[in-house]
Each structure stands twice: as C-alpha cells, then as structure tokens.
Amino acid sequence: MILDKIDQLLKEVQTLSAKNADEVEQLRLKYLSRKGEITALMQDFRNVAADEKKSVGMKINELKQLATERINALRTACEVADEQDDAPDLTRSPYPIRLGTRHPLTIVTNEIIDIFSRMGFVLANGPEVEDDLHIFTKMNFAADHPARDMQDTFFVSQHPGGDVTKNILLRSHTSSVQARIMEQMHDEQGQLKAPIRVICPGRVYRNEAITARAHCFFHQVEGLYVDENVSFTDLKQVLLSFAQEMFGPDTKIRLRPSYFPFTEPSAEMDISCFICGGEGCGFCKHTGWVEILGCGMVDPNVLELCGIDSKRYSGYAFGMGVERITNLKYRVSDLRMFSENDTRFLEEFQAAD
C-alpha cells in the first residue's frame with residue numbers, strides 16, 4: 001500500500017542525520033532527486049483510486065516538505081560546523097608565529113653543493129651507520145691504523161669472529177659514500193659504466209672531546225671524479241674555481257704536500273686570507289693563508305679495492321669540513337654554537353638564508 005510506504009518514509013525522514021556535506025548530498029539524492037524515493041511515490045500516485053487521491057496527495061506533499069526541511073537543516077548545521085572549524089582559536093597567543101631560518105651549516109652546505117653542481121658534480125648520499133669495509137678497508141687504511149681504535153671511532157658492534165671488515169660503526173668520514181659509488185659504477189671487467197663525478201655531503205662522527213674547536217660530530221662534503229686521463233691539474237683547477245666562487249674572485253690557493261691513506265699524491269689546500277688580503281692578520285695567524293680542505297689523486301689501491309681498473313682509470317678526491325668553511329665565512333668563534341640551538345645565534349643568519 002502506498003500509504004504504508006509514505007508512513008515508513010516519514011519515520012525515516014524524521015530521524016535523518018549527517019556528519020558532513022557529502023552525507024547531506026547523499027540523503028538529498030536518495031529522497032528528493034529524480035530517481036529518489038519521493039519521486040517514485042509520485043509515479044505510483046497515478047495508480048491511486050480517485051476517491052483516495054486527495055488524502056494520498058496531501059500525505060506525499062507532507063513527506064516532501066518534511067524531507068526538504070530536514071535535509072536543508074542538516075546542510076545548514078554542517079556548514080556552521082565547518083565555519084567553526086575554520087574559526088580562529090581565541091585562546092591562542094595574540095603574537096604572530098615567528099618564522100625560522102635555515103641553519104648556517106645548511107646555508108653553507110647548499111652553497112657548496114650548488115657550486116660543484118654547476119661544475120657537473122652529482123649529489124650522492126650514504127648511510128651514517130656503516131661497516132668497516134667501506135669506511136676503512138676499501139679506503140686503503142691499514143689493519144693497525146689508529147683510526148680503527150676505540151679512542152678515535154664510535155663502534156656500534158664488533159664482529160665476534162675478529163673480521164674487522166664486518167665491524168659496524170658510525171662513519172668517521174664521508175669517503176664511505178665514494179667507496180659505495182665506485183662499487184656500483186663498474187662492470188665485471190673493472191670498466192666504468194660512466195665517468196664518476198659526485199659530491200657527498202653528510203654528518204660524520206669521531207670520538208673526540210667537545211671543545212670550542214672540536215666536536216664529536218660534524219659535517220663534511222667530499223668530492224670524487226674518476227675517468228680516463230684525470231690529472232692533478234684537473235683537481236687544482238676545480239678547487240681554484242670553487243675557492244673563487246665561495247670566497248671571492250680575488251682568492252688565491254696554494255697546495256701543500258700531505259698524507260691521506262686513500263690519495264697519492266695528497267695535499268692540503270690553503271686560500272689567501274680574505275680578511276687581510278694575504279698581508280697577515282690575527283685570523284690567519286699572520287701567514288696570509290688559511291687551510292680549508294684536503295685533496296689528492298685517488299690511490300690506485302682504492303680503485304682496485306673498489307673493483308675499478310687502475311691501469312686505465314685515474315681520479316681525484318677532496319674533502320672539507322662544513323663547520324670550517326662556515327667559520328671562515330661568518331667568523332663563528334665557538335664550534336659548539338652550531339649544535340646548541342640558541343635562537344639568538346640562529347637569527348643572525350636570516351639575511352644569509
């Protein structure tokens with residue numbers, strides 16, 4: 001019976017509820033749309049006997065009006081709820097939220113990466129928790145090298161069988177990324193799939209006392225270029241270009257012989273003091289020069305340990321401390337300030353961001 005159907009729908013409409021506008025729209029489609037329940041009643045109304053049409057018609061109109069009012073009320077309630085959600089929190093402090101700035105180490109790291117990216121270097125990253133194989137062994141460190149001792153390195157675990165290559169430690173330099181890249185970039189015959197030209201920034205850890213000049217963790221950026229016929233002249237030109245981009249076009253460099261297990265020959269690079277112009281001051285200890293990085297030609301042993309044919313390929317590598325470069329640019333006297341999160345210190349770098 002159509003009257004029974006109307007009474008059932010009246011009960012449903014009186015108890016309608018919705019949590020959001022989408023649910024309200026679904027109710028409208030169910031009851032009031034062209035294919036809705038009330039429209040279907042209108043079609044059945046044609047089959048009602050003539051003497052019942054008046055009373056049935058009134059019931060249908062009552063149902064339609066009730067459904068329309070109920071759905072409109074639900075829509076209004078959902079709109080009010082949405083406005084309340086977007087309303088400002090009156091319990092919140094009236095002071096505006098202060099925007100932060102990039103950390104000075106991040107600013108300098110990004111600048112270094114940008115300079116070398118324009119020279120064709122590609123960004124590469126690696127794990128901070130590493131194995132001895134990539135940290136020391138493939139970097140040509142001797143088995144009894146002091147860097148492998150507990151007083152210099154943070155060990156996570158040591159292999160019970162005595163195999164040092166399987167020891168797990170916090171990386172003490174980002175050279176481990178170079179080892180992993182060289183492993184991936186050659187075939188079974190030791191031939192490069194493509195020239196390697198990468199820049200590797202990251203945090204490193206060393207077991208040192210924390211002072212104004214040293215910390216147990218700091219940041220490095222290392223670069224690696226391996227291809228056929230790579231020479232020390234190529235290295236010198238790249239580093240000169242970097243120094244002049246970072247510290248000014250009048251910057252000069254000098255290379256002093258040094259020693260690193262993974263490069264041969266090795267050198268340390270100084271730049272002319274940009275404060276006194278090389279004439280000598282307290283900042284450069286009256287020498288006119290300031291050391292900024294270490295570099296050298298990749299030792300053939302390193303290439304072979306990483307699976308690359310050292311008779312065909314050569315390469316250079318360099319590495320610098322980000323804190324060191326940041327100190328030179330901004331003259332920060334205490335290394336600990338970089339990790340203390342003092343907002344007064346960090347706010348000084350808003351203009352550099």
Give a yes or no on whether the backbone of [Y] and the side-chain of [X] come within a donor-acceptor separation of less than 3.5 Å.
X	Y	answer
D270	R254	no
T106	R102	no
R197	G223	no
E23	K19	yes

### Query
Going through the checks in order, is the side-chain contact (heavy atoms from CB on, under 4.5 Å) test met by E130 and R180?
CA-CA 11 Å; E130 260 288 10; R180 290 188 175 274; 2.5 Å; yes
>> Would you say L305 ends up clustered with M297 if hydrophobic residues are merged whenever their side chains have heavy atoms under 4.5 Å apart, either directly or through other cluster members?
In response: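 Different clusters: M297 never reaches L305 through Ile, Leu, Val, Met, Phe, Trp or Tyr contacts under 4.5 Å.
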| query | Got a sec, which pairs hit salt bridge (charged side-chain N to carboxylate O under 4.0 Å, His left out) with one end in residues 221-230, sequence neighbours left out? | reply |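 For residues 221-230: E228-R312.
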Task: Qualifying residues under side chain to side chain donor-acceptor pair (under 3.5 Å), relative to S231, sequence neighbours excluded - done: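 With sequence neighbours excluded, S231 shows a side chain to side chain donor-acceptor pair (under 3.5 Å) to D234, given in chain and number order.
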Sequence-distant partners of S176, side chain to side chain donor-acceptor pair (under 3.5 Å), two or more places apart
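Scan of S176 (side chain to side chain donor-acceptor pair (under 3.5 Å), adjacent residues dropped) gives none.
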Identify, with sequence neighbours excluded, every residue that meets ring pair (Phe, Tyr, Trp, His ring centres under 6.0 Å) alongside [X].
X	value
Y205	none
F218	none
F116	F121, F242, F318

Using the side-chain contact (heavy atoms from CB on, under 4.5 Å) rule, take H173 and R206 through it: C-alpha gap first, then chi angles, then the decisive distance, then the call. CA-CA 9 Å; H173 51 197; R206 293 183 188 172; 4.0 Å; yes
Sequence neighbours excluded - side-chain hydrogen bond (donor to acceptor under 3.5 Å, both in side chains) pairs with any residue from [range]:
range	result
residues 285-309	E304-S310
residues 336-345	H215-S339, D334-R336, D342-R344
residues 318-329	H219-E323

Residue list, side-chain contact (heavy atoms from CB on, under 4.5 Å) with [X], at least two apart or on another chain:
X	result
L66	L10, V13, Q14
I168	V129, D131, V156, S157
D187	Q189, Q191

I need the minimum non-hydrogen distance between [X] and [Y], along with the two atoms involved.
X	Y	result
V108	I325	CG1-CG2, 3.8 Å
G202	R171	CA-NH2, 3.3 Å
L192	V226	CD1-O, 3.6 Å
C295	L255	SG-CD2, 4.1 Å
C200	T174	O-OG1, 3.6 Å

- In terms of side-chain geometry, is the basic nitrogen of K166 or D132 positioned less than 4.0 Å from the acidic oxygen of its partner?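 Judged by the 4.0 Å cut-off on N to carboxylate O distance, K166 and D132 do not form a salt bridge.
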Run the side-chain contact (heavy atoms from CB on, under 4.5 Å) check on R75 and N72 step by step: do they pass? CA-CA 5 Å; R75 181 181 291 111; N72 287 339; 3.0 Å; yes
Determine whether [X] and [Y] make a side-chain contact, defined as any pair of heavy atoms from C-beta on separated by less than 4.5 Å.
X	Y	value
N140	F260	no
S172	I135	yes
L346	P104	yes
M182	I196	yes
L328	M246	no

Inset, instruction - Supply the atom-to-atom distance K138 NZ to L303 CG, rounded to the nearest 0.5 angstrom. - result: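 Answer rounded to 0.5 Å: 12.0 Å.
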Practice task
Apply side-chain contact (heavy atoms from CB on, under 4.5 Å) to N167 and F136, showing your working.
Solution key: CA-CA 10 Å; N167 291 341; F136 296 130; over 6 Å; no
Hey, is CG on N229 packed in by over 12 heavy atoms from elsewhere, all under 6.0 Å?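 Not buried by this count: 12 neighbours or fewer within 6.0 Å.
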Counting only heavy atoms from other residues, nucleotides and ligands, does the tally under 6.0 Å from CZ of R331 exceed 12?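 No, not enclosed.
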Practice problem: May I ask you to check whether F345 and H103 place their ring centers less than 6.0 Å from one another? | Solution: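 No, the ring centres sit 6.0 Å or more apart.
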